[in-house]
> 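Got a structure here, written out as structure tokens. Questions coming.
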Amino acid sequence: MSLSIQPEEQRSITVRAPAKVNLHLGVGRPRNDGFHPLDTVFQAVGLYDDVRASDGDGTVTVEPAAYLPADVLADLADQSGNIVSRAAQLLAANAEDIYGLSRVDLRIEKRIPVAGGLAGGSADAAAALVALDRIWGLDTEDDELLDLAARLGSDVPFALVGGSAHGSGRGELLHALPDATTWWWVVVPSPEGLSTPSVYRRFDEMFPDAPATPASSAAVVAALSSGQPEHLAAALHNDLEAAAIDLRPELGDLIAHGEVEGALRGMVSGSGPTVVFLCESGDHARALADRLQGDDLPVVLVANGPVAGAHVL
Ligand code: C5P
């Protein structure tokens, strides 16, 4: 008889989290805490980052998708690493026995454009919370996880829940919305990111008389339940679009170009600079993407929504 000691198997878990598009983004004048009150409708779309947690020494690494542009990549490790490390620290600090937690490596497989207005960093944070909660066996209650998510960023709670949802407060107070259909989008990232605070600052300069109560999302909520792409196209609304276009005038040209090429409607996603085009169907979206893609626009993606929030693969 021979006895051999097996090395302990390395545990690992991978969690996938989606990008978001704001179908309606009503923005009011800043609150006392500096954040802007929002009336928004989020939709999670099928562009994902994966976060793999495995036994290790606590390092965070990023594997970028081939299409992410070089100057954006330079900041990638920093930006993603930051919010993911903060997620780990926050969840650990919330655990009953912080010293009992094992050391875990986090590897982000990045496909959502960085600083793009698609909440890619928020997706990473949400995925990290779920992955670490599982690998540490914490079983954190949903409400508690949503609270932690809101402390990491305004869009992180939505990345946890996914689907379509109405958001208020600074975007963190969510109500799930029913969806009548699958919606199809062409997503055009920009070769250079835009910082969210700078877009909000430009919004404040351009609209010093913005109302305290942001524009209502009722029209988009109604259009979503109609299931009609042309109704949704007519209702799409983004109060940050003018500020994003003021900082990046070429975004206005891109929206016009996509609409000439047959999109039902183009708009800036969130604070930009990603531009999204609503299409009638998957075939329409793929055909539009083919027409738009070229030397000027090397990366044109197709995504549908709504899709699930952060989930274990
Ligand atoms: O919440 P999050 O960290 O994602 O926000 C990033 C920045 O975007 C904030 O520091 C703030 O400048 C701006 N912001 C805002 N109002 C919101 C959400 C974000 O002014 N509702």
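Throughout, residue positions are numbered sequentially from 1 according to the sequence presented. All values reported here derive from a predicted model rather than from experimental measurement. All ligand and atom numbering here is 1-based and tracks the order in the structure.
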> Just to confirm my output: which protein heavy-atom neighbour is closest to atom 14 (N) of ligand 1, and how far is it?
Y200 CE1, 3.4 Å

> Does any N or O of ligand 1 fall below 3.5 Å from an N or O anywhere on S154, backbone included?
yes

> Does a donor on one side chain sit under 3.5 Å from an acceptor on the other, for S154 and R170?
yes

> Show me which atoms of ligand 1 lie under 4.0 Å from any heavy atom of T196.
8 (O)

> Does ligand 1 have a heavy atom under 4.0 Å from the side chain of F35, from its backbone, from both, or from neither?
both

> Go through the side-chain N and O atoms of N22 and H237 and say whether any donor and acceptor fall under 3.5 Å apart.
no

> Going by distance alone, is a donor N or O of one side chain under 3.5 Å from an acceptor N or O of the other, for D39 and S216?
no

> Taking all heavy atoms of D155 and all of K20, pick out the closest pair and write down the distance.
OD2-CE, 3.6 Å

> List every atom of ligand 1 that sits less than 4.0 Å from any heavy atom of G153, numbering the atoms from 1 in the order shown and giving each element.
1 (O)

> Of all the atoms in ligand 1, which lie at a distance below 4.0 Å from a heavy atom belonging to P197?
7 (C), 12 (O)

> In terms of atom number and element, which parts of ligand 1 are under 4.0 angstrom from non-hydrogen atoms of H36?
15 (C), 16 (N), 17 (C), 20 (O), 21 (N)

> Can R16 be said to sit on top of Y48's aromatic six-ring, NZ or CZ under 6.0 Å from centre and within 45° of the ring axis?
yes

> Between the side chains of T140 and D133, is a donor N or O closer than 3.5 angstrom to an acceptor N or O?
yes

